[in-house]
Protein chains: 2
Amino acid sequence: MEIHLPHLDSVFSTDCVIFGFEAGELKVLLIERNEEPFKDWYALPGNIVGPDESVDAAAQRILYELTGLHDLPMRQFHTFGEVNRHPQGRVVTIAYFALIRIGGQKDLMPITQYARKAFWHPVNDLPTLAFDHTEIFKRAFKKIRAKLNYEPIAFELLPEKFTLTQLQSLYEAVLSKQLDKRNFRKKMLSYGFLKELAEKQKGVSYRAAKLYKFDRRKYAKIFQNEIAS
Amino acid sequence: MEIHLPHLDSVFSTDCVIFGFEAGELKVLLIERNEEPFKDWYALPGNIVGPDESVDAAAQRILYELTGLHDLPMRQFHTFGEVNRHPQGRVVTIAYFALIRIGGQKDLMPITQYARKAFWHPVNDLPTLAFDHTEIFKRAFKKIRAKLNYEPIAFELLPEKFTLTQLQSLYEAVLSKQLDKRNFRKKMLSYGFLKELAEKQKGVSYRAAKLYKFDRRKYAKIFQNEIAS
DNA sequence: AGATAGTGTGTATATATTACACATTAAATT
DNA sequence: AATTTAATGTGTAATATATACACACTATCT
């Protein structure tokens, strides 16, 4: 039996690529769709922008509706404007990415019926995604890999207090390469925006590491003269 | 007498920020509008995307119609999605930039009646522009300033054969700062992607400088392992 | 007391960046 | 022919940054 789908006029939508970091792995937030087309498929959280909301606001609303997450600092990274991206008609999609601390939120929980569930999936070994979401994801991943080297995005993925080893392991996960421990520490500390805390790591069965936090204030002071991206 | 304007449904448009370099100055391509709203104002070349063309293709078509330029390597840099950008209704605009050699083309000449003329204007001291085009321009300018440091975009603005002094003057114009001649040359040449030609500059009333050209092949070879933007 | 597992640290070498000044050349002028 | 003009083309020393590399220390567990 064929499913009848209405034809859509030109519309725009947003898709969000939300990255998280957990158990030494970089992960991306997916939903399981509960709607045609691509019902039951995995997809990036995304939907149609309303006529009376800005695209930025729509991205926030849609993410909330599909996953329960709200008020993330989302950044636009590309707009996908090919003609045949959507089986039901012309859709231009403005894509966003954000990086968050997994677990910093309460559980993931779709608010609407468009998604059956929302879940984290490691970026390596992603399943096939609906629409052109695999391409959208790849582009976002490339972007954050590049940004990692010149913007302090790593700290958005880590808990507020973190060890230098955790920071390094995040860099290694995102860049897919090993880094030298001594050089990594020397460099990170040389920037001067990491604040060493009195506190130490807890609950480990070996020597506990010092905790640090990212001092956004100092960062801004140090890099205020640089050209922003 | 009031002008009646039709209400538009949600549509998308493209705007292009085309940079050129002439007489030691960075310039941007503007049009003089011949249509409401903002009739007679200066603006970036832009218009509505058709239902059956990709956004990238639309950007090319629209630029051609308004200025006569075609087949430029245009790159998307931001999408403007606020609700009240356009007095006639909701318009989401995908913005592109490109860099070209002024004079490499025949004259600028609008093909359609939407623009009365197209012309180059120095980026410093821009006139007031229609819509939010000043903001769009600024964002593009910021982008190319940043890119100049990690992508070979300078060569898109220069003639095929150029002197190192011309190259330096371009860097100085875009970055708005003076650079040291010896260090600049040392660094540029150290990359290994500039090819020194046998030929020399002509028609100058002083010692003629050596000409160089950008060797795209070598560039690709040298930077193939780097993360692209 | 010993084993385990990860933390924390320094130095030497190579590479890149910065600061800085003058002789050379081609054309134009006298 | 000699001089003026205006810009080209070049080197070195000092400093800062990046890389390569290994082992003693410490907290917990057994």
Side-chain angles (χ1 to χ4, degrees), chain A residues 21 23-25 146 148-150 152 154 158-159 161-173 175-213 219 222-223 225-227, chain B residues 21 23-25 148-152 154 158-159 161-173 175-213 219 222-223 225-227:
Chain A
F21 184 66
E25 270 191 317
L148 191 64
N149 291 312
Y150 59 89
L158 290 175
K161 301 169 183 182
F162 52 85
T163 68
L164 292 179
T165 301
Q166 285 164 355
L167 184 60
Q168 182 177 345
S169 120
L170 167 52
Y171 270 77
E172 291 178 336
L175 302 176
S176 303
K177 69 175 176 194
Q178 297 292 107
L179 301 171
D180 177 85
K181 181 158 64 157
R182 276 176 292 189
N183 292 339
F184 180 81
R185 285 165 180 241
K186 206 188 316 171
K187 190 168 168 185
M188 278 297 156
L189 293 173
S190 78
Y191 290 134
F193 53 58
L194 291 184
K195 186 171 177 181
E196 184 179 328
L197 303 176
E199 213 172 332
K200 294 202 165 183
Q201 200 179 22
K202 272 178 189 136
V204 290
S205 73
Y206 47 79
R207 176 178 180 183
K210 281 182 203 158
L211 290 169
Y212 290 81
K213 67 189 225 189
Y219 176 84
I222 297 165
F223 293 99
N225 298 319
E226 303 240 335
I227 295 163
Chain B
F21 184 66
E25 270 191 317
L148 191 63
N149 291 311
Y150 58 89
E151 286 189 29
L158 291 175
K161 301 168 183 183
F162 52 85
T163 67
L164 291 178
T165 302
Q166 285 164 356
L167 184 60
Q168 182 178 342
S169 121
L170 168 52
Y171 270 76
E172 290 178 337
L175 301 175
S176 303
K177 70 174 175 194
Q178 297 292 107
L179 302 171
D180 177 86
K181 182 158 65 156
R182 277 176 291 190
N183 292 339
F184 180 81
R185 284 163 181 243
K186 205 189 318 172
K187 191 166 166 186
M188 278 297 156
L189 293 173
S190 78
Y191 290 135
F193 53 58
L194 291 184
K195 187 172 177 182
E196 184 180 328
L197 304 176
E199 214 172 331
K200 293 203 165 182
Q201 200 178 22
K202 269 175 193 141
V204 291
S205 73
Y206 46 82
R207 176 179 182 183
K210 281 182 202 157
L211 290 170
Y212 289 80
K213 66 192 229 190
Y219 176 84
I222 297 164
F223 292 100
N225 298 318
E226 303 240 334
I227 295 163

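Reminder, nothing fancy here: chain letters follow the sequence lines and each chain counts from 1. Since this is a predicted model, take the numbers as computed values, not measurements.
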Send over the distance from [X] [atom1] to [N] [atom2], rounded to a whole Å.
{"X": "A:Y171", "N": "D:dA18", "atom1": "OH", "atom2": "P", "value": "13 Å"}
{"X": "B:Y212", "N": "D:dT8", "atom1": "OH", "atom2": "C1'", "value": "10 Å"}
{"X": "A:Y206", "N": "D:dT30", "atom1": "OH", "atom2": "C1'", "value": "18 Å"}
{"X": "B:K202", "N": "C:dA28", "atom1": "NZ", "atom2": "P", "value": "15 Å"}
{"X": "A:M188", "N": "D:dA18", "atom1": "CE", "atom2": "C1'", "value": "14 Å"}

Can you label the angle between the A:F184 ring and the A:Y171 ring as parallel, tilted or perpendicular, going by 30° and 60°?
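The rings of A:F184 and A:Y171 stand perpendicular, inter-plane angle above 60°.
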
Can you label the angle between the B:Y219 ring and the B:F223 ring as parallel, tilted or perpendicular, going by 30° and 60°?
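Tilted, since the angle between the ring planes falls between 30° and 60°.
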
Which part of the nucleic acid, if any, lies within reach of A:T165 when heavy atoms closer than 4.0 Å are counted: base, sugar-phosphate only, or nothing?
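Result for A:T165 = sugar-phosphate.
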
Does any N or O in the side chain of [X] come within less than 3.5 Å of the main-chain N or O of [Y], such that one atom is a donor and the other an acceptor?
{"X": "B:Q201", "Y": "B:A208", "result": "no"}
{"X": "A:E172", "Y": "A:L179", "result": "yes"}
{"X": "A:Q166", "Y": "A:T163", "result": "yes"}

Selection from [options] that lies nearest to any side-chain heavy atom of [X]:
{"X": "B:S205", "options": "D:dT28, C:dA27, D:dG9", "answer": "C:dA27"}
{"X": "B:R182", "options": "D:dT10, D:dC21, D:dT28", "answer": "D:dT10"}
{"X": "A:K187", "options": "D:dT8, C:dG8, D:dA18", "answer": "D:dA18"}
{"X": "A:R185", "options": "C:dG8, D:dG9, D:dA18", "answer": "C:dG8"}

Closer to the 5' end of DNA chain D via nearest nucleotide, is it A:Y191 or B:K200?
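Looking at the nearest nucleotide for each, B:K200 comes out on the 5' side.
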
Lys/Arg-Asp/Glu bridge criterion (N-O < 4.0 Å) met for A:K210, A:E196:
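Salt bridge flag = yes for A:E196 with A:K210.
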
N/O to N/O distances under 3.5 Å, protein versus nucleotides 11-16 of chain C:
unit_1	atom_1	unit_2	atom_2	d
C:dT11	O4	A:K186	NZ	3.0

On the side chain of B:K210, is there an atom forming a donor-acceptor pair with the base of D:dG9 - under 3.5 Å, no angle test?
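Answer no: no donor N or O sits under 3.5 Å from an acceptor.
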
Can you find an N or O donor on one side and an acceptor on the other, under 3.5 Å apart, linking the side chain of A:R207 with the base of C:dT7?
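Flag set: donor-acceptor pair detected.
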
Using heavy atoms to find the nearest nucleotide of DNA chain C for A:A208 and A:D180 separately, return the residue whose nucleotide is more 5′.
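Its nearest nucleotide being more 5', the pick is A:A208.
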
Between the side chains of A:R185 and A:T165, does any donor sit under 3.5 Å from an acceptor?
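Yes.
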
